[in-house]
Novice: 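Below is the structure I would like to discuss, written out as structure tokens.
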Amino acid sequence: MSEENKQPKHLGKLQALDNLSLGISIVAAVIIGFAIGYGLKQWTGYTWTLWLGIFWGIAAAGLNIYKAYKRAQKEFEGMENDPRYSYRAKHGDKANEDDD
């Protein structure tokens with residue numbers, strides 16, 4: 001194996017942890033947004049600031065999802081030119097069809 005084709009030994013585990021971190025970051029973003037909103041509510045006395053913080057948390061979670069989607073899309077773009085996957089992309093999966 002050449003130096004440029006060498007992959008880390010635990011690449012699969014690292015990718016699984018990256019996917020797990022997406023779920024954790026969604027929950028953390030909403031909790032942090034709630035905490036900011038609650039702090040603003042206590043500081044200002046306005047209830048709507050609590051909802052503003054929750055909205056910020058949900059928006060941050062949505063941004064995390066979007067970034068993960070774009071990262072996955074970029075990762076799989078290279079597969080369309082790979083000969084192992086190009087036939088199935090063009091012609092579909094013929095193995096699962098019933099011959100009548």
Side-chain angles (χ1 to χ4, degrees):
M1 209 180 242
S2 68
E3 287 295 321
E4 55 201 37
N5 293 336
K6 196 171 185 179
Q7 292 184 353
K9 181 179 179 182
H10 301 289
L11 182 64
K13 293 175 187 173
L14 291 173
Q15 289 173 341
L17 286 174
D18 187 42
N19 292 336
L20 178 64
S21 71
L22 175 63
I24 293 170
S25 71
I26 291 170
V27 173
V30 173
I31 289 172
I32 291 171
F34 173 78
I36 290 172
Y38 185 76
L40 286 172
K41 179 184 174 204
Q42 295 300 318
W43 185 47
T44 63
Y46 295 117
T47 304
W48 63 269
T49 56
L50 172 67
W51 293 106
L52 181 64
I54 292 172
F55 171 75
W56 282 338
I58 293 171
L63 183 61
N64 288 340
I65 294 169
Y66 177 74
K67 286 180 180 180
Y69 168 75
K70 292 306 265 183
R71 186 173 50 241
Q73 186 180 27
K74 186 177 180 182
E75 187 175 311
F76 291 121
E77 271 180 359
M79 293 177 74
E80 66 188 14
N81 297 328
D82 191 341
R84 292 179 292 179
Y85 306 110
S86 63
Y87 180 83
R88 185 173 273 176
K90 287 180 184 176
H91 304 289
D93 190 6
K94 304 275 190 219
N96 293 333
E97 293 181 4
D98 292 331
D99 294 328
D100 291 328

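All heavy atoms count here, side chains included; hydrogens, waters and symmetry mates do not. The structure presented is a predicted model; accordingly, all values stated were derived computationally and were not measured. Counting from 1, the numbers follow the sequence of the chain as shown.
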Novice: What pairs of donor and acceptor atoms, side-chain ones from residues 22-43 against any protein atom, are under 3.5 angstrom apart with sequence neighbours left out?
Specialist:
residue	atom	partner	partner atom	Å
Ser25	OG	Ser21	O	3.3
Ser25	OG	Leu22	O	2.8
Tyr38	OH	Gln42	NE2	3.3

Novice: If I take atom CD from residue Gln73 and atom OH from residue Tyr66, how far apart are they, to the nearest 0.5 angstrom?
Specialist: 8.0 Å
Novice: Quick check on the hydrophobic clustering: are Tyr69 and Ile58 connected, directly or via other members, by side-chain heavy-atom contacts under 4.5 Å?
Specialist: no
